[in-house]
Structure formats: structure tokens, C-alpha cells
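Per chain, numbering begins at 1; letters A, B, ... match sequence-line order.
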Amino acid sequence: MLEIQRIRNEKEEIIEGLKKRHFDAAPIVAEVLSIDEEWRAKKGELELVASQMNQISKKIGVLFGQGKQDEANAAKAETAVLKTQESALKSEVDELDQKLVALMYQLPNVPNSLVKAGKSELDNETVETFGSTPEFGFKPLPHWEITDKFNLIDFELGVKITGAGFPVYKGKGAKLQRALISFFLEEADKRGYEEHIPPLLVNEASGYGTGQLPDKEGQMYYVNEDDLYLIPTAEVPLTNIYRNVMLPDENFSIKLTGFTPCFRREAGSYGKDVRGLNRLHQFDKVEIVRIEHPSNSENALNEMIDHVKSLLEKLGLQYRVLRLCGGDTGFAAAMTYDFEVYSAAQEKWLEVSSVSRFDTFQSTRLKLRFKNANKKAQLCHTLNGSALALPRIVAALLENHQTEEGVNIPESLHKFTGFEKID
RNA sequence: GGAGAAGUGGCAGAGUGGUCGAAUGCACUGGUCUUGAAAACCAGCGUACCGCAAGGUACCGGGGGUUCGAAUCCCUCCUUCUCCGCCA
């Protein structure tokens, strides 16, 4: 959510910035400002009436104390009109307030100045590429054939137990998962991220805090009986650790990491893009989250990008880094870099990580602030990224490191897998 | 799941209908004193919103209600503690 203060002060910049998303903010901004003005006027009236009520009430208290019953009762009569006014004004103010919030929820984050205008993924900029496409002396197999051949993942079994998109990892397939999780956590630890094991179900307030709610509830699994949501990413519980938090001073740089399964309903997706590990309802991911002073936001983003790059390099995967265009950048993000690894057998790029800065968009909702040098409360910046999501990494590892005999495991994983080859 | 108790400022802890946004202590900040420190003493010390300001409004777990007036009474939800039951 954008701060109302900012909408008041930077109206033109916001409208201009959101054009990069092909989002016409002008009508919403205009309505926000007009409701905001009306709200302030009504609020002023309400407070005036409340103030008069308070004065009379105090007077009545004093009069009763002095035993002046008659005068007190006379004063009581005065309040009748005020009371009616007060409750009318109060409901007007509440209604305006709700309208305002509902409108503000519709405004996406303003893209960073580096972000190019664009409509879809076709307009994303490739800012870096690493590695080269592996050469095979044979026709490489797609990962779903490799997992089948070596009995690593059983998709059919998952269908039996739960449904499509819930695979069962077996034997070396399961061990590879565990190894990758350990590897990612250890690498995050080396870079100063504190490991957390958060809840996998969150309440409604947390959903609002990070922006999954309102509007995106259809993408989350919902436990009706207890009014809880299964997390779509560890970002939700990790970031919400800092909901309603005031950091005592401006010397902070909070780095969190956590491994969790992630649950996504992915309603409406279908086709060959969802084959095998490409898209699942339940998958594993190690997430990194940062809470930063606004002045360190850019630096933090670069550190996160470096981190993800080093992970991919240690796994020996060819990758490219994209800076998403306005239209492809998520609603809450000011800037997002996507990491894609090349799948040799599928002959396409697979998204394996998304690193974003949110500036104050999340912290406004979260009420996550710090005391600045002037002892004033100021909003923190939040950032997060996947480091990394497992399924497509597994797909790329299996496909790109395959030989005619089996699959070579990258050396950085050996100490976690306990084996060097799948064959 | 059942029965009972409780939720007040950074912490501890008063306050059970009327100058209570809230005593007191601790912590913290500034000052006096001291060569320095401690102690002692003095002063300050919650958050948000509106306002140029003066000031005003709201907040005593969340929400709702009664009343001229609610931290205080009522309803409801949440959380914590104790006992019982169940359980990896």
C-alpha cells in the first residue's frame, strides 16, 4: 500500500510511474485525494463535537461531586443533540475511511526508476547471462523421464495420495531435495541470514501484512474451520515476524532465512508448462528476507542478487538475470529481478528465483518502522527473494547434468547428498 | 475438549463509573554534585491521526454495547496461566 502522505505529495510522480505498468492510476488517485479531503473535514467536525461532549461530561462529573444535581441534569440534556451529531459523523467518517483503504489497496507499487515500461514478460530486460548451454552427444531427456528412469520422483503416487501437483520424492530423489535445502540454508547462513522455522499456516492479519490479501485469497489454500491460510511462500510468516514492530534506532539490517514447503493452488494453470516439476501445488523453497533502512535498500538488493548468482554458479547451472518490466513486476514490488536457468532438454528457460524490493509498500501495511535520528518513526524497507525454489532447480540439475549413464551431482552438493552420481 | 483465573505504558505494578492518558518503582534521557564513576537530588520520558500553531481526538488484549461520562459495567472473540482429559 502506498502511504497516503505520498499520494498527497507526489501525485504526478505516482501516476507517471504507474504508467510503466500500463496502469492508469489517475482516476483512483483523484478519488483517493477527494475522499481524503472529505475525510479530514468530517474528522475535524467529529473531533470538535467529541471535544464538546468531553467538556460537558467533565462538568457533569464536577457538578455531581458538588452535589448540584439539578445543574448536572440540566447539562445532561445539552448532550442529546451532540450525541446524535456525533454518531452520525462517526459513521460518515468510518465509511469514508473504508472507501479510502479499499481504493488504496487497488494501487500497485510505483516501479523503481530503473524499471522499463512494458506490458508482459516479452518486455523484460536481460541484464546478465552466465554459462553456456551444455552439449550432449545424445538426445537429452526431460526431467520427468529421468525421474522415472531412476525412480526419483513418483508423480502418479502423489495423485493417488493427494492429487496432481503433489509429487512423492523417493530414494536419491528425496535425498537430493534434502541436500539442496541444507546447501541453500548453509549458504544463507554464511551470508549472515538467521535461520527460522516458521509456521506453515498463517492468520488473516499476516496475509494482509505481506499483501496476499485482499484479492489473492484464491491462490492460497484456506483452512475454513480455523480461518487459516497455508503459506504460499515463507515470505509471509518471515516478514510478519516484524508486523507492528518499532525498531529502537536506525542501526539495523535484519536478514532472515527459512526453509518451508510452499502451497499454491495455481488455479487456472494447465498444459505442457506444468509438466513434471515445472509447476506444483506443493514445493520446497528457501527464502531470504531483509528489513532495511531505506538508504540500504539498493545495496541489500544487490547483495541478494549476488547471493542467488553464486548459488546457481555453485550448482553449475547456466542462467540469466532479468529485470522485469513494469507490467510483469508483481503488484507489491518496486523492482524485481528474475533468475532463470536453461533447461537443455525442454529447450526453455525456467524461473527459479525472484528477488524483489518493496520499499515501504509492505511496511506501510505491516506497520514496520524504526526510530530515526530525529526520534521520529519512519517506515522500513522490505526485500525478499527465493534462494532458491527447489523443483525447477532439480529439473535443471537432472537435465543439464545428465549423461548417458545417469546424472552427475555438482560437487558443492556432495557433502549433503552423500553420493556423486545418480545411476 | 472441560473447569477456573488473568490480560494496564520498555518492564514491574496501582487503579473497579467522573479533572485517569493513567499513581508508584525500575529502566532510559538530560542536568546538578564529583578529578572520574557510583550514589543522591532535579527535570524529562508512549503511539497514531488532524492542525502552520495553540491545541484537539483516539488508544488500558481485539471488536461491539450500556452511560452525559468506561481502564473500571455488559456481550463476544483472542491470548496466557492453573487443574482435568486427549495426544506425536
Should A:Asn240 and A:Arg243 be marked as a side-chain hydrogen bond (donor to acceptor under 3.5 Å, both in side chains) after you check the CA-CA gap, both sets of side-chain angles, and the distance that decides it? CA-CA 5 Å; A:Asn240 272 283; A:Arg243 172 154 47 87; 2.7 Å; yes
Go through the steps to decide whether A:Glu399 and A:Gln346 satisfy the test side-chain hydrogen bond (donor to acceptor under 3.5 Å, both in side chains), and finish with yes or no. CA-CA 9 Å; A:Glu399 291 177 6; A:Gln346 300 179 65; 3.0 Å; yes
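Protein atom CE of A:Met53 is 14 Å distant from nucleotide atom C1' of B:G18, rounded to whole Å. A:Glu204 has its CD atom 17 Å from the P atom of B:C77, to the nearest Å. The distance between atom CG of A:Leu96 and atom P of B:C49, rounded to the nearest whole Å, is 18 Å. Between the CD atom of A:Glu37 and the C1' atom of B:C50 there is a distance of 14 Å, rounded to whole Å. We find that CG of A:Asp94 is positioned 17 Å from P of B:C49, with the value rounded to whole Å. Between the NZ atom of A:Lys58 and the P atom of B:G18 there is a distance of 14 Å, given to the nearest Å. Going from atom CD of A:Gln85 over to atom P of B:C68 covers 16 Å, rounded to whole Å. A:Glu71 places its CD atom 15 Å from the C1' atom of B:C68, with the value rounded to the nearest Å.
When the nucleotides B:C68, B:G21, B:C49 are ranked by their closest atom to the side chain of A:Thr79, B:C68 comes out on top.
Here the closest non-hydrogen pair linking A:Leu398 and A:Gln402 is O-CB, 3.2 Å.
Using N1 to N3 plus N6-O4 or O6-N4 for Watson-Crick, or N1-O2 and O6-N3 for G-U wobble, each under 3.5 Å, B:A37 pairs with nothing. Across all strands shown, the partner of B:G18 is B:C68, judged by Watson-Crick or G-U wobble contacts whose two distances both fall under 3.5 Å. Of the nucleotides present, none pairs with B:A88 by Watson-Crick or G-U wobble criteria with both distances under 3.5 Å. Across all strands shown, the partner of B:U57 is B:A48, judged by Watson-Crick or G-U wobble contacts whose two distances both fall under 3.5 Å. Under the Watson-Crick or G-U wobble criterion, with both distances below 3.5 Å, B:C26 is paired with B:G10. Base pairing of B:G4: its partner is B:C81, meeting the Watson-Crick or G-U wobble criterion (both donor-acceptor distances under 3.5 Å).
Going from the C1' atom of B:C20 to that of B:C28 covers 24 Å, rounded to whole Å. Distance noted for atom C1' between B:G46 and B:A27: 14 Å (whole Å). On the P atoms, B:C60 is 15 Å away from B:G65, given to the nearest whole Å. Between B:G51 and B:G56, the distance separating the two C1' atoms is 9 Å to the nearest Å. Taking atom P in both B:C50 and B:A39, one finds a spacing of 42 Å when rounded to whole Å. When the C1' atom is compared between B:C86 and B:C78, the two are found 23 Å apart, to the nearest whole Å. The P atoms of B:U67 and B:G9 are separated by 30 Å, rounded to the nearest whole Å. The same atom, P, is picked in B:C73 and in B:A6; the two are 11 Å apart, to the nearest Å.
Among the heavy atoms of the strands, none lies under 4.0 Å from A:Ile56.
Atoms OG1 and CG, from A:Thr329 and A:Asp338 in turn, are 8.5 Å apart once rounded to the nearest 0.5 Å. If you take OG1 on A:Thr336 and CG on A:Leu383, they are separated by 10.0 Å, rounding to the nearest 0.5 Å.
Nearer to the 5' terminus of RNA chain B, by closest-nucleotide assignment, is the contact made by A:Ile4 (compared with the other of A:Ile4 and A:Ile60).
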Give me the distances for all protein-to-nucleotides 45-48 of chain B N/O pairs that come in under 3.5 Å?
unit_1: B:U47; atom_1: OP1; unit_2: A:Lys371; atom_2: NZ; d: 2.9
unit_1: B:A48; atom_1: OP1; unit_2: A:Arg369; atom_2: NH1; d: 3.3

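Between A:Arg40 and B:G51 there is a side-chain N or O to OP1 or OP2 distance below 4.0 Å.
Annotation: salt bridge (charged side-chain N to carboxylate O under 4.0 Å, His left out) contacts of A:Glu235 (sequence neighbours excluded): none. For A:Asp36, the salt bridge (charged side-chain N to carboxylate O under 4.0 Å, His left out) partners at least two apart in sequence or on another chain are A:Arg8, A:Arg40. For A:Lys371, there are no salt bridge (charged side-chain N to carboxylate O under 4.0 Å, His left out) partners two or more places apart in sequence or in a different chain.
Partner of A:Lys314 under the salt bridge (Lys or Arg N to Asp or Glu O under 4.0 Å) criterion, chosen from A:Glu186, A:Glu187, A:Glu411: A:Glu187.
Within the structure, salt bridge (charged side-chain N to carboxylate O under 4.0 Å, His left out) pairs that include any residue of residues 53-68 of chain A comprise A:Lys59-A:Glu78 (at least two apart or interchain).
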Going 5' to 3' through nucleotides 54-67 of chain B and flagging B where a protein heavy-atom sits under 4.0 Å of the base, S where only the sugar-phosphate is that close, and - otherwise, we get --BBS---------
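Both the sub-6.0 Å distance and the 45° axial angle are satisfied by A:Lys172 relative to the ring of A:Phe419.
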